[in-house]
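Order of the sequence lines sets the chain letters (A, B, ...), proteins ahead of strands, with each chain counted from 1.
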Number of protein chains: 2
Amino acid sequence: MTSAPGSPLTGRARLTDVAALAGVSVGTASKALSGGGRMRPETRQRVLDAVAALGFRPNQQAQSLHTGRSWTVGLVTTDGIGRFSTPVLLGAEDALGAGKISVLMCDTRGDAIREQHHLRTLLDRRVDGIIVTGRRTDARAPLTGVTGLESIPVVYALSPSTDPADTSVVSDDQGGARLAMEHLLATGRTRIAHVTGPEHHAAARDRARHAVAHLQAAPLGLSTGRVHFGEWSEAWGRRAADAVLRTAPDTDAFFCGNDQIARGVADTLRERGVDVPGDIAVVGYDNWDTMALASRPPLTTIDMNLAEIGRIAALRLLEAIDADATPGVHTVPCRLVVREST
Amino acid sequence: MTSAPGSPLTGRARLTDVAALAGVSVGTASKALSGGGRMRPETRQRVLDAVAALGFRPNQQAQSLHTGRSWTVGLVTTDGIGRFSTPVLLGAEDALGAGKISVLMCDTRGDAIREQHHLRTLLDRRVDGIIVTGRRTDARAPLTGVTGLESIPVVYALSPSTDPADTSVVSDDQGGARLAMEHLLATGRTRIAHVTGPEHHAAARDRARHAVAHLQAAPLGLSTGRVHFGEWSEAWGRRAADAVLRTAPDTDAFFCGNDQIARGVADTLRERGVDVPGDIAVVGYDNWDTMALASRPPLTTIDMNLAEIGRIAALRLLEAIDADATPGVHTVPCRLVVREST
DNA sequence: ATGAAAGCGCTAACAG
DNA sequence: CTGTTAGCGCTTTCAT
């Protein structure tokens, strides 16, 4: 018996097999598949029939070797895959998948050595581009230290690059703070306190700065006269709420740096018998559903549209791959999600 | 001037360039790199020097085309990447990365069409194997519907395959329930209530069944005489705690199906002035830090070692790729994390 | 010990 | 319109 079609290596049909079955040469079979070039319709049909009969699918590696495009991008997460990077990652994967591009996942766990290692692997695999994302909004140093990096496009998502010549896609912290403040002011609050995370986090600093700036335009000031920096935790929210009520008992709203803090604040208020939102309104940040929805009452909060950040980063990367890069920092607007805490 | 080394396609040095610089043929250069075969040490050194000088790195695609191995595996998540799949994914990525294997991420969003599409892409890329993971512990139908799948190994992580001939790596729900019960019994509790998620979730059913079985061996029964199935939410935990205290006021411990429920229970107890763990102990499940630590008091809970599940799935896959598969369901033990709620 | 040559599966330029 | 040919970058016999 003659040997069955199928490579000795993969067991799958090759273009040679298709060509043989269709009674044409590989060259013709190839052209029939790539769609271009003129050829007799019935010949093309014979090839397509053979393809169907054999369940042929082109070997991506062979194609790439020839065309120089791997249809693959690297997704490098700098400090673990968590609550923030996951939606970004999914948004990116979604946008790329539509473009027939696959995603190589690399988690560096915040380790420089690991990062170098992963970058080298990605370049060895001839990825068409790289998306870098981290959990913080603080700017990070651009990728370096691996030869070949210069020749492929890189887009930074969520954590922008410190180099303005790079392409970064970030959340609009200013807009987020503004949405929160406008909402509180619109619902008649004027004695607003701000409780947030550590001052050394850009997210905390930026949101605070913009919140204050927006108040001053009213013109108003923070009810306690200052920003309460602390931790991104419920425990800090609880403690801070106590402190705020002691300092400024007439506070009528809390704008919190994240949903955990907001939930802590809400808990303290409830336990003190303060009605939320009747007496005091609470606004969080992140729209982390498990937090925002489990809170009593459920939290009004700011959604950073993380998936959209990932999606846009992917689109920018595709642009940079196919045409030209659009350097600079691209900002994705936030969304106010109103629930029962305001 | 002569043309600089580097392919017109990638701009990176090729083995040809290395060979030229070292004054040897490509064949020799290749052998020098693959390490094997005898050859004059100084020749090998000349090649290595050239490699260093040019910053040469082999083109992975070309290598794969020849060897038939892509050094790539597909990681298919069936219903979003979330709290459960992330650690599994990281554990797998870690184990695979050590073996010079990269991970292609595919999220199907629970959509069969998307799954088919992703599987086809993975096969086109000649992945060496596939890991399938989902957020539920319920068994899932094995991958099908794509030709070529038969020829590569697949390992199911967290959500086992319904086909016992497949290789699955799952959490030891029985052991988890046992750990919780033993701990409660050891600390002198005898009137234990069980509040958990929806009965149509295997995780809820299994943990409940094993908890009851373990109690019966004591011999004891549940304080309320039945399992309280509901939702995986804090709100359900709060409601259920009320119901339990009404039915069986002498209950001295709650074993909860997850940390959210446990936190809800703890909240209700605290608000009713019940001392935890003085009067009633609470044990959760999942060791979801943001929940378990934010709870008052912090929760004693069961950790499923998800990263370990991912790691083992990866190791099993590597085995199946390099040698033979070890079909069947592999169980990863849980870990009791004691905190202040018991 | 080294080089020449064939080929992995596919594409693209060029003949016929 | 179709077949032949020459690679993509690398590995691996097989001569030398």
Side-chain angles (χ1 to χ4, degrees), chain A residues 5-48 50-51 54-71 123-126 128 148, chain B residues 5-48 50-51 54-71 123-126 128 148:
Chain A
S7 140
L9 249 34
T10 67
R12 295 181 52 168
R14 298 151 300 173
L15 194 51
T16 315
D17 304 314
V18 172
L21 184 59
V24 298
S25 74
V26 270
T28 306
S30 174
K31 200 182 333 178
L33 290 185
S34 35
R38 310 247 154 279
M39 70 191 300
R40 210 154 74 226
E42 63 193 70
T43 308
R44 163 161 294 141
Q45 194 51 54
R46 274 217 315 289
V47 173
L48 294 180
V51 164
L54 297 174
F56 169 82
R57 303 227 88 211
N59 182 327
Q60 175 74 58
Q61 317 211 92
Q63 285 187 157
S64 296
L65 183 55
H66 185 92
T67 61
R69 281 203 54 171
S70 64
W71 299 96
L123 290 171
D124 290 351
R125 295 182 184 283
R126 299 299 189 269
D128 296 331
Chain B
S7 142
L9 249 34
T10 67
R12 296 181 51 169
R14 298 152 301 173
L15 193 51
T16 315
D17 304 314
V18 172
L21 184 58
V24 298
S25 73
V26 270
T28 306
S30 174
K31 199 183 332 176
L33 290 186
S34 37
R38 310 247 155 278
M39 71 189 299
R40 211 152 73 229
E42 62 193 69
T43 307
R44 163 161 294 144
Q45 194 51 53
R46 274 217 315 290
V47 172
L48 294 180
V51 164
L54 296 174
F56 168 82
R57 304 227 89 212
N59 182 327
Q60 175 74 57
Q61 317 209 93
Q63 285 188 155
S64 296
L65 182 56
H66 188 257
T67 61
R69 282 203 53 173
S70 64
W71 300 97
L123 290 171
D124 290 351
R125 295 182 184 283
R126 299 297 188 271
D128 296 331

Worksheet item: Pick the nucleotide of DNA chain C nearest each of B/V24 and B/A62; which residue has the one closer to the 5' end?
Response: B/V24
Closest to the [X] side chain, choosing from [options]:
X     : options              : result
B/R40 : D/dC1, D/dG3, C/dA1  : C/dA1
B/K31 : D/dG9, C/dC10, C/dT2 : C/dT2
B/Q63 : D/dC1, C/dT2, D/dT11 : D/dT11

Any non-hydrogen side-chain atom of [X] less than 4.5 Å from a side-chain atom of [Y]?
X      : Y     : answer
B/V24  : B/V47 : yes
B/R125 : A/W71 : yes
A/L15  : A/L33 : yes
B/S64  : B/R69 : no

In whole angstrom, give the distance that lies between atom [atom1] of [X] and atom [atom2] of [N].
X      : N      : atom1 : atom2 : answer
A/Q60  : C/dC10 : CD    : P     : 11 Å
A/E42  : D/dC1  : CD    : P     : 11 Å
A/L65  : C/dT11 : CG    : C1'   : 10 Å
B/N59  : D/dT11 : CG    : C1'   : 13 Å
A/Q45  : D/dC1  : CD    : C1'   : 17 Å
A/R126 : D/dG9  : CZ    : P     : 8 Å
B/H66  : D/dT12 : NE2   : P     : 6 Å
A/R69  : C/dT11 : CZ    : C1'   : 16 Å

Taking only N and O in the side chain of [X], is any of them less than 4.0 Å away from OP1 or OP2 of [N]?
X     : N      : result
A/T28 : D/dC1  : no
B/S25 : C/dA4  : no
A/S64 : C/dC10 : no
A/R14 : C/dC8  : no
B/S30 : D/dC10 : no

Worksheet item: Hey, does B/S34 reach any base, or is it just sugar-phosphate, or nothing, if we go heavy atoms under 4.0 Å?
Response: nothing
Worksheet item: Does a salt bridge link A/D17 with A/R12, judged by any charged N lying under 4.0 Å from a carboxylate O?
Response: no
